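Heavy-atom basis, side chains included; hydrogens, waters and symmetry copies ignored. What you see is a predicted model, and the numbers here were worked out from it, not measured in a lab. Numbering of ligands and ligand atoms starts at 1, following listing order.
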Amino acid sequence: MGLMDGKIALIFGLANKNSIAWGIVKKLHQEGATILLSYAGEIMEKRVFPLAQEIGCDFVEPCDVTRDEDLDAIFAKIRDRYGRLDTLVHSVAFANRDDLGGRFVDISRDGFKLALDISAYSLIAMTRRAEPLMPDGGSIMSMTYYAAEKVMPRYHVMAVAKSALETITKYLANDVGQKGIRVNAISAGPIKTLAAAGVPGIRAMLKYSEKTSPLRRLVSQEDVGDTALYLASDLSRNVTGEIIYVDAGYHILGLTATEEELAEI
Ligand code: NAD
């Protein structure tokens, strides 16, 4: 028997096999969930359909999360076909390259709006549409990063978007909690993905995390998938409004220098 037997899970943000969303999809599928997938744009369509086939998923719908009509359409299709939803995974983010790197003060107004719309507001827009499909409760989760709390070089506009996402998580959790719907976020350590490739200096960040995090290792898509399974399943039935770290412990550090580095100073 699987932890997700009989549950229906909708996942936004699958781009390819390196996506965090793929780590989550595989885990939820393995535990018995019916997986529904969404993708953004034609390029993603070509990549996502073969992945859907791999897990026998026949619900694969386009959705640009900045478009209300796209969101309306996908949730209406779920209502008509399944009548309900148990799990919603938001694994979506975007920022213009110009607004990552450079100087923080140079973030453009348009770039700010775009990043916040796609990466943060979309969680509100999705939750509003998911709520009526979760009459017996459900689990909603999104993916965040520690740059929401502490300054990380070059993360800039995305750091602001992640701060908004984390605050949105808490307000949504309070708003829909009385209906038994839980809203949480996973704060993952850096992972090599398409989105991460847009952050200047990501390779160095990966190396640094591995060298300095208490567990001295990097986080994988599967690691996030395991925590997503916990959040999606009844194991976390009384957990809501939480930011759960899957970062090999990096966020507990006040000083990230290793003993060897300190000895050299
Ligand atoms: P990814 O590139 O595989 O996934 C990002 C997804 O966002 C893609 O599928 C893309 O199609 C989608 N997207 C972008 N604009 C969209 C739009 N307008 N409408 C719908 N979808 C859109 O990269 P990932 O690293 O797996 O990112 C998933 C989530 O994890 C993001 O929220 C990211 O910020 C977060 N995260 C990533 C890391 C990391 O190091 N990779 C760490 C912590 C958190």
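In terms of modelled atom types and a separation under 3.5 Å, the side chain of Q221 and the main chain of N18 share a donor-acceptor contact.
With R129 as the partner, the side-chain contact (heavy atoms from CB on, under 4.5 Å) test is satisfied by one option alone out of D68, I74, I78: D68. Among D98, I107, D99, the one residue that satisfies the side-chain contact (heavy atoms from CB on, under 4.5 Å) test with H156 is I107.
For atom 15 (N) of ligand 1, the closest heavy atom belonging to the protein is I118 CG2, 3.6 Å. For atom 30 (O) of ligand 1, the closest non-hydrogen atom of the protein is M143 CB, 3.3 Å. When only non-hydrogen protein atoms are considered, atom 10 (C) of ligand 1 lies nearest to M44 CE, 4.6 Å. Among protein heavy atoms, atom 41 (N) of ligand 1 sits closest to I191 O, 3.0 Å. Counting protein heavy atoms only, atom 29 (C) of ligand 1 is closest to S91 OG, 3.4 Å. Closest to atom 32 (O) of ligand 1 among all protein heavy atoms lies K162 NZ, 2.9 Å. At the top of the distance list for atom 38 (C) of ligand 1, counting protein heavy atoms only, stands I20 CD1, 3.8 Å.
Between F94 and ligand 1, no N or O atom pair is found at a separation short of 3.5 Å. An N or O contact shorter than 3.5 Å links S19 to ligand 1 by distance. Of the N or O atoms in T193, one or more lie within a sub-3.5 Å distance of an N or O in ligand 1. Residue Y145 places no N or O, backbone or side chain, under 3.5 Å from any N or O of ligand 1.
Against a heavy-atom cut-off of under 4.0 Å, P190 is close to the following atoms of ligand 1: 40 (O). Here is the list of ligand 1 atoms found below 4.0 Å of a heavy atom in A195: 1 (P), 2 (O), 23 (O), 25 (O). Numbered from 1 in the order shown, with element, the atoms of ligand 1 that lie under 4.0 Å from a heavy atom of A188 read 42 (C), 43 (C). Here is the list of ligand 1 atoms found below 4.0 Å of a heavy atom in C63: 19 (N), 20 (C).
No hydrogens or angles considered: a donor-acceptor pair under 3.5 Å links the side chains of Y208 and T256. Neither side chain, S38 nor E61, offers a donor N or O lying under 3.5 Å from an acceptor on the other. Neither side chain, S108 nor D110, offers a donor N or O lying under 3.5 Å from an acceptor on the other.
Annotation: the span from L231 atom CG to N184 atom CG amounts to 5.0 Å, rounded to 0.5 Å.
Checked against the 6.0 Å centroid threshold, Y245 and H251 count as a close aromatic pair.
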- Message: Before you tell me yes or no, could you show the steps for D58 and R81 under salt bridge (Lys or Arg N to Asp or Glu O under 4.0 Å), namely the whole-Å CA-CA distance, both residues' side-chain angles and the distance that decides it to 0.1 Å?
- Response: CA-CA 12 Å; D58 65 354; R81 184 158 162 191; 2.6 Å; yes
